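Have a look at the structure below before the remarks.
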Amino acid sequence: YEYMVQDKLERVAVFDIGSNAIRLVVADLHHHTKKYHIIDKVRLPLRMGKDVFEFGIFTEDTFKKSKNIFKYLLRVAENHHPSIIKAYATASFREAKNADHLTRYLREKIGLEIEIISGEKEAYLIYLAINQALDLSQGRSLLMDIGGGSTEFTLIERGDILKAVSIPIGALKLFQAKDLVAYEAIFDQFRNSFSAFFPIDFFTPFTPKTPCLFVGTGGNLRRMGKLKKPVLGKIDLVEIYKADLIQIYETIKGLDPKQLERKYRLKKDRAEVIHPAMDLALAVFNQIPVAQMKLPNTGLANGILQSML
């Protein structure tokens with residue numbers, strides 16, 4: 001006789017509130033098998049970080065736009081009748097002086113409870129997502145997630161976390177730099193922060209300290225992988241070599257966002273930040289002895305789901 005253990009299902013909805021966009025994912029959690037099945041997902045390009053990175057606060061316009069967009073997304077989520085709704089906010093909420101006012105406003109107006117998570121927790125949740133997508137049990141792995149307002153790094157040793165850090169610089173923050181001098185200052189701050197957190201002897205070549213894997217997540221990095229096809233004629237989306245990234249960068253660096261939209265069918269919000277995101281990715285490539293980056297199709301929302309199992 002074969003006995004079937006009935007799996008306990010739980011439907012949940014999670015919000016990943018980034019600085020450049022908001023993602024809603026609805027999924028069924030299979031608690032017995034410790035897996036989840038995504039049944040719906042929506043991404044909307046609301047730039048929560050736009051005013052924060054310029055003025056330090058969420059403006060009245062952001063309050064209004066966020067109420068309308070979150071109200072719509074909450075309706076989408078509730079149509080699936082989830083038992084739990086979790087909403088995690090990241091860099092823009094961490095930096096905004098009036099973040100508590102906006103979370104209270106959204107709770108009172110539409111009933112959405114938002115939790116502002118630390119950069120370290122964000123890095124941990126991204127680790128949970130990647131750990132389900134890739135084998136991190138061999139040697140060292142460096143995980144990088146490029147967001148709009150911050151970039152998270154996690155160093156893994158045989159599956160265990162050695163270090164998790166969040167550098168408060170992302171692609172949107174670079175894009176909004178008022179001029180080239182400001183851009184270079186922010187970019188130098190990023191490189192110096194990475195070097196401080198991860199000195200070169202962390203990644204001594206040809207020793208056990210060499211990362212077996214360099215893994216990138218976030219919409220910008222996935223888009224870089226997708227650009228391999230139109231720019232280089234390569235269709236492998238699951239990884240990108242440093243040499244390929246340099247070639248893509250050299251090909252598109254002279255194009256403005258509107259040209260990128262037309263030629264490569266990038267959405268406006270992506271076209272504006274892809275160049276800064278490439279600068280960040282290449283800055284890290286240039287400081288570690290690794291030739292390629294894995295690009296799993298996963299991210300913070302997947303990590304939130306994994307943490308709920």
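When reading the values below, keep in mind they use all heavy atoms of this one structure, side chains included, and skip hydrogens, waters and symmetry mates. As the structure is a computational prediction, the values presented were derived from the model and not from experiment.
Using modelled atom types, one side-chain atom of S83 and one backbone atom of R11 make a donor-acceptor pair closer than 3.5 Å. Proximity of a side-chain donor or acceptor of N98 to a complementary backbone N or O of H101 within less than 3.5 Å is not detected. For the pair H275 (side chain) and F175 (backbone), a donor-acceptor distance under 3.5 Å is absent.
V42 and I304 fall into different hydrophobic clusters, where Ile, Leu, Val, Met, Phe, Trp and Tyr side chains are chained together by heavy-atom contacts under 4.5 Å. Two different hydrophobic clusters hold V14 and L46 under the rule that ILVMFWY side chains link at heavy-atom gaps under 4.5 Å. Linking ILVMFWY side-chain heavy atoms closer than 4.5 Å, directly or via other members, places L125 and I17 in two distinct hydrophobic clusters.
Shortest non-hydrogen contact noted between L24 and L73 is CD2-O, 3.4 Å. Between A277 and I146, the shortest heavy-atom distance links the atoms O-CD1, 3.7 Å. Scanning both residues, L245 and M224, for their nearest heavy atoms gives CD1-SD, 3.7 Å. The two residues S92 and M48 have their closest heavy-atom pair at OG-CB, 3.5 Å. Counting all heavy atoms, side chain and backbone alike, A13 lies closest to A77 at CB-CB, 3.9 Å. Considering every non-hydrogen atom in both L266 and I274, the closest pair reads CD2-CG2, 4.1 Å.
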| request: Given side chain to side chain contact (heavy atoms under 4.5 Å, CB included), test D100 with F93 step by step and report yes or no. | output: CA-CA 8 Å; D100 289 344; F93 278 76; over 6 Å; no
| task | List the steps, then state whether side chain to side chain contact (heavy atoms under 4.5 Å, CB included) holds for S66 with L102. | result | CA-CA 9 Å; S66 61; L102 181 55; 3.7 Å; yes
| request: Kindly determine whether S19 and F53 satisfy side chain to side chain contact (heavy atoms under 4.5 Å, CB included), including the steps that lead there. | output: CA-CA 9 Å; S19 300; F53 303 148; 3.6 Å; yes
| query | Given the rule in the salt bridge (charged side-chain N to carboxylate O under 4.0 Å, His left out) test, do D244 and K234 qualify, once you have shown the distances and angles that lead to the verdict? | reply | CA-CA 10 Å; D244 288 341; K234 298 181 179 181; 2.8 Å; yes
| Full working for side chain to side chain contact (heavy atoms under 4.5 Å, CB included) between S166 and T151 | CA-CA 6 Å; S166 177; T151 303; over 6 Å; no
| Are K50 and E54 close enough, and set up right, to give a salt bridge (charged side-chain N to carboxylate O under 4.0 Å, His left out), and what steps lead you there? | CA-CA 7 Å; K50 181 177 182 293; E54 187 173 354; 5.1 Å; no
| task | Starting from the C-alpha separation in whole Å, work towards a yes-or-no answer on side chain to side chain donor-acceptor pair (under 3.5 Å) for K242 and N286. | result | CA-CA 9 Å; K242 178 182 177 181; N286 288 335; 3.0 Å; yes
| Step-by-step side chain to side chain donor-acceptor pair (under 3.5 Å) determination, T59 to D61 | CA-CA 5 Å; T59 61; D61 184 55; 5.1 Å; no
| query | Should E152 and T154 be marked as a side chain to side chain donor-acceptor pair (under 3.5 Å) after you check the CA-CA gap, both sets of side-chain angles, and the distance that decides it? | reply | CA-CA 7 Å; E152 279 62 48; T154 310; over 6 Å; no
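Annotation: the span from Y124 atom OH to S118 atom OG amounts to 12.5 Å, rounded to 0.5 Å. In this structure, CG in D28 is found 10.0 Å from NE2 in H80, a value given to the nearest 0.5 Å. To the nearest 0.5 angstrom, F63 atom CZ is 13.5 Å from N68 atom CG. For the atom pair CG of L134 and OG1 of T298, the computed distance is 9.0 Å after rounding to the nearest 0.5 Å. Rounding to the nearest 0.5 Å gives a distance of 11.5 Å between CG of D16 and OH of Y88. Here the OH atom belonging to Y241 is positioned 8.5 Å from the NZ atom belonging to K228, to the nearest 0.5 angstrom.
Between R191 and D188, at least one side-chain N (NZ, or NE/NH1/NH2) sits under 4.0 Å from a carboxylate O, which counts as a salt bridge. Remark: D269 engages R43 in a salt bridge, criterion side-chain N to carboxylate O under 4.0 Å. Between E272 and R47, at least one side-chain nitrogen of the basic residue sits less than 4.0 Å from a carboxylate oxygen of the acidic one, meeting the salt-bridge criterion. No salt bridge links R265 with E261; every basic N to acidic carboxylate O contact stays at or beyond 4.0 Å.
Between F285 and F214, the two ring planes are perpendicular [angle over 60°; tilted spans 30° to 60°]. F198 and F194 have tilted rings, their planes meeting at an angle from 30° to 60° on a 0 to 90° scale.
When each of K258, Q259, K253 is paired with L255, the side chain to side chain contact (heavy atoms under 4.5 Å, CB included) condition holds for Q259 and for no other.
Pairs engaging residues 292-305 under the salt bridge (Lys or Arg N to Asp or Glu O under 4.0 Å) rule: E239-K294 [sequence neighbours left out].
Put simply, the side chain of K267 does not reach to within 4.5 Å of the side chain of P45, judged on heavy atoms. Looking at F187 and L280, their side chains come closer than 4.5 Å, going by heavy atoms from C-beta outward. Contact check for Y264 versus T251: side-chain heavy atoms found under the 4.5 Å cut-off. Between L221 and M144 there is a side-chain heavy-atom pair separated by less than 4.5 Å. Proximity of D51 to F58: side-chain heavy atoms (C-beta onward) are nowhere separated by under 4.5 Å. Proximity of Q138 to R158: side-chain heavy atoms (C-beta onward) are nowhere separated by under 4.5 Å. Side-chain contact between I84 and E10 is present, with heavy atoms from C-beta onward closer than 4.5 Å. Looking at heavy atoms from C-beta onward, I22 lies in side-chain contact with F70 at the 4.5 angstrom threshold.
Remark: K163 is not positioned above the aromatic ring of F153, lacking an NZ or CZ atom under 6.0 angstrom from the ring centre and at most 45 degrees off the axis.
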If you look only at distance, which donor and acceptor atoms sit under 3.5 Å apart when one is on a side chain in residues 104-117 and the other is two or more places apart or in another chain?
| from | atom 1 | to | atom 2 | distance (Å) |
| --- | --- | --- | --- | --- |
| R107 | NH1 | E113 | OE2 | 3.3 |
| E115 | OE2 | K121 | NZ | 3.3 |

